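Read the structure below first, then the notes.
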Amino acid sequence: MKVEEILSRFDLGPVNPGTFYGEWGPTEDRRLLTSFSPIDGSEIAKVAMATKEDYEKVIEATVKAYEEWRMVPPPKRGELIRAIGDELRKEKENLARLLAVEVGKTMTEARGEIQEMIDIADFAVGLSRQLYGLTIASERPHHRLYEQWHPLGAIGVITAFNFPSAVWSWNAFIAAVCGDSVAWKPSSQAPLTAIAVIKVVNRVVERFGAPRGLFTLVVGSGREVGEWMSTDKRLPLISFTGSVATGKRVAENVAKRLGRTILELGGNNAAIVTKHADMKIALKGVAFGALATTGQRCTTTRRLILHEDIYDEFLEKLVEIYRNVKIGNPLDESVLMGPLIDEKAVESYLKAIEKAKEEGGRVIYGAEVLKIEGLEGGHYVLPTIIEAHPDMEIVKEETFAPILYVFKFRTMEEAIRIHNSVPQGLSSAIFTTDLREEEYFLSAVGSDCGIANVNTSTAGAEIGGAFGGEKETGGGRESGSDAWKGYMRRQTVTINWGEDLPLAQGVKFGGD
Ligand code: UN1
């Protein structure tokens, strides 16, 4: 399928409006953002960026939608999300293709991302019949004490290029069944995917007669739109996915107005492979973790901690896998690794390798920029393995590229010390068949991450669990489990149905 054909499926032209506030905003007299394909560097289409006035319209519409939506019974909200899930099922292949062209994901991963949206829609539908609070024993006679959960408001969601649609849906579908409305600022590197998603979703919103500003869109620079959103008191919650540096800025802005944040920032995820590991599983788990999405996932395996007894053998086999990775056009179903997102990402890749070498690291595979015939404008690199030391500065940084740093360990204490020695704390994995090693890793002195996996990759979490991490990863949780509570306000209710007014803690007042 040609790019033009994919664009036409979503009614995307050469220049597209970048704001949606119940209707699409203007393109005239707007600064234009160009979306380039990382596959060959070609221009896909342009998008009009929001002015402050456009932004105001978006937030007004989102707030207005919330005011209506909050009184719709949650299971009715769920019906809308179920229909959105069905619409996504129909559009899965088209959306996946557009996403692959815009961010360079392989087709299987692009389909996986749309599937992730469908899955969270299903989860949200079930959730819409739950949203339950506790009833608590009251210390007073004829009193009932319980908690209920109310919608929070219009919320702001800021997403990154690497999961340009799924991360929005983790937030948006959960928020919507909770009774919130959602203003979305997508990544400037993936505005077309966002526009297509909003179009698909709003077909259903319209059909249902749901408020038209329930899911709005505002494309623009982070410096402007991100700043407007994080300082906007009308948005009680900002969910941000991106770098630690920008996340800190968002957190500061939102904290200044005592708003809430859900932060999903950098990861620097490690896999520990012990001498008791099932080699086949460990090799596949590490390779997928390090290479999927060309090393540009928050959950990418960036560090490999190998037991000394299996060190040489494991690396030899891993290098063999790396050698056979087919790199190229991600639309070709046989390709395993596509391009990096842009030229800047290639520079960061080269810079990190240089720094690693300066600090004493030894490249054992990769460290090369690739030019692929017919795709000369694309941003391809060889996946890279570097023998490193845990004290090196570069291994504490998240470089969004397929670079894997390898360390050697002897004892589990040492493995965990290396594992936990970075500022980030998102995902982690251990490969072992030994119960003691596994339990040690999962114990309070084990992995310090929000996600801890056994015999499976650091990447590729299911939507049913809460997603997020500790330390500089920001502490936020999105997606499944009880992450929904972050999108609602808790109200503690005390009801006195007696004929007296007994006070708590035995306090006497007046004539008692
Ligand atoms: C991200 O990279 O921001 O666990 C999200 C995974 C995916 C989500 C990654 N399900 O790798």
Side-chain angles (χ1 to χ4, degrees), residues 6-13 15-27 45 47-48 50 54-96 98-99 114 117-118 120-125 127-128 151 153-157 159 164-166 168-186 191-219 487:
I6 305 167
L7 294 178
S8 75
R9 303 242 163 171
F10 298 106
D11 233 355
L12 291 164
V15 180
N16 303 279
T19 45
F20 180 81
Y21 37 82
E23 58 186 287
W24 288 96
T27 54
V47 176
D54 298 333
Y55 171 79
E56 282 303 318
K57 283 192 177 158
V58 168
I59 302 305
E60 272 164 30
T62 319
V63 170
K64 197 163 152 252
Y66 160 69
E67 283 166 358
E68 193 186 324
W69 187 243
R70 63 183 160 177
M71 285 307 285
V72 173
K76 285 261 169 255
R77 300 177 197 147
E79 282 173 24
L80 173 81
I81 302 301
R82 178 167 51 232
I84 289 175
D86 287 345
E87 200 69 19
L88 289 169
R89 281 181 173 88
K90 280 192 230 147
E91 294 289 354
K92 181 172 171 180
E93 194 63 23
N94 292 330
L95 281 171
L98 176 61
L99 193 151
I114 309 305
M117 301 178 82
I118 295 166
I120 197 73
D122 284 353
F123 183 93
V125 176
L127 181 66
S128 74
I155 70 160
V157 175
T159 57
S165 62
W168 169 79
S169 67
W170 295 353
N171 287 277
F173 296 167
I174 300 293
V177 298
C178 291
D180 301 336
S181 56
V182 182
W184 181 14
K185 185 215 150 330
L192 298 171
T193 302
I195 292 172
V197 165
I198 286 293
K199 284 189 176 179
V200 170
V201 164
N202 276 299
R203 271 183 222 155
V204 185
V205 168
E206 237 170 79
R207 201 166 74 225
F208 267 66
R212 296 175 69 99
L214 188 57
F215 300 112
T216 56
L217 183 73
V218 51
V219 172
Y487 303 82

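All values derive from a computational prediction rather than experimental measurement.
- Side-chain atoms of V219 and N16, non-hydrogen and from C-beta on, never get closer than 4.5 Å to each other.
- In this view, A175 and I155, D180, V182, Y487 satisfy the side chain to side chain contact (heavy atoms under 4.5 Å, CB included) rule, not counting sequence neighbours.
- With sequence neighbours left out, R82 forms a salt bridge (charged side-chain N to carboxylate O under 4.0 Å, His left out) with no residue at all.
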Evaluate the criterion salt bridge (Lys or Arg N to Asp or Glu O under 4.0 Å) for residue pair D86 and R89; output intermediate values, then yes/no.
CA-CA 5 Å; D86 287 345; R89 281 181 173 88; 3.4 Å; yes
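- With sequence neighbours excluded, the residues that form a side chain to side chain contact (heavy atoms under 4.5 Å, CB included) with A194 are W184, P186, L217.
- Side chain of S181 to main chain of T62: a donor-acceptor pair is present (N/O by atom type, distance under 3.5 Å, no hydrogens or angles).
- Contact between R77 and G179 at its shortest, heavy atoms only, is NH1-N, 3.2 Å.
- Every residue meeting the side chain to side chain contact (heavy atoms under 4.5 Å, CB included) condition with E67, not counting sequence neighbours, appears here in chain and number order: V63, R70.
- Inter-residue side-chain proximity for E60 and Y21 is flagged as unmet; no heavy-atom pair is nearer than 4.5 Å.
- Counting heavy atoms from C-beta on, the side chains of E91 and I114 never come closer than 4.5 Å.
- Residues V47 and L192 are in side-chain contact: their nearest non-hydrogen atoms beyond the backbone lie under 4.5 Å apart.
- A search for salt bridge (charged side-chain N to carboxylate O under 4.0 Å, His left out) contacts involving E87 returns K90, R203, R207, not counting sequence neighbours.
- Pairing each heavy atom of A196 with each of L95, the nearest pair is CB-CD2, 3.8 Å.
- Here L88 contributes atom CG and S169 contributes atom OG; the two are 8.0 Å apart, rounded to the nearest 0.5 Å.
- Within the structure, ring pair (Phe, Tyr, Trp, His ring centres under 6.0 Å) pairs that include any residue of residues 194-219 comprise W168-F215 (at least two apart or interchain).
- Counting heavy-atom neighbours within 6.0 Å of K92 NZ, excluding the residue itself, gives a total above 12.
- For the pair A48 and P26, the tightest heavy-atom approach, listed with the atom from each and the gap, is CB-O, 3.8 Å.
- Residues L80 and L214 form a side-chain contact, since some pair of their non-hydrogen atoms from C-beta on lies under 4.5 Å apart.
- Counting only heavy atoms from C-beta outward, the side chains of M117 and V197 approach each other to under 4.5 Å.
- Counting only distance, with no hydrogens or angles, the side chain of K57 and the backbone of T19 share no donor-acceptor pair below 3.5 Å.
- For the atom pair I6 CD1 and L98 CG, the distance stands at 6.5 Å (nearest 0.5 Å).
- Applying the salt bridge (charged side-chain N to carboxylate O under 4.0 Å, His left out) test to E79 and every residue at least two apart in sequence or in another chain returns K76.
- Scored by the ring pair (Phe, Tyr, Trp, His ring centres under 6.0 Å) test, Y66 finds no partners at all (sequence neighbours excluded).
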Take D54 and V218, measure what side chain to side chain contact (heavy atoms under 4.5 Å, CB included) needs, and give me the verdict at the end.
CA-CA 8 Å; D54 298 333; V218 51; over 6 Å; no
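- Here the closest non-hydrogen pair linking A45 and G13 is CB-O, 3.5 Å.
- A search for side chain to side chain contact (heavy atoms under 4.5 Å, CB included) contacts involving S128 returns V177, not counting sequence neighbours.
- Not counting sequence neighbours, F10 has no partner by the ring pair (Phe, Tyr, Trp, His ring centres under 6.0 Å) test.
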Is there a side chain to side chain contact (heavy atoms under 4.5 Å, CB included) between S165 and L99 once you walk through the steps?
CA-CA 8 Å; S165 62; L99 193 151; 3.6 Å; yes
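- Remark: W24 engages F20 in a ring pair (Phe, Tyr, Trp, His ring centres under 6.0 Å) (not counting sequence neighbours).
- A search for salt bridge (charged side-chain N to carboxylate O under 4.0 Å, His left out) contacts involving E68 returns nothing, not counting sequence neighbours.
- You'll find the side chain of V125 stays beyond 4.5 Å of the side chain of F173, heavy atoms only.
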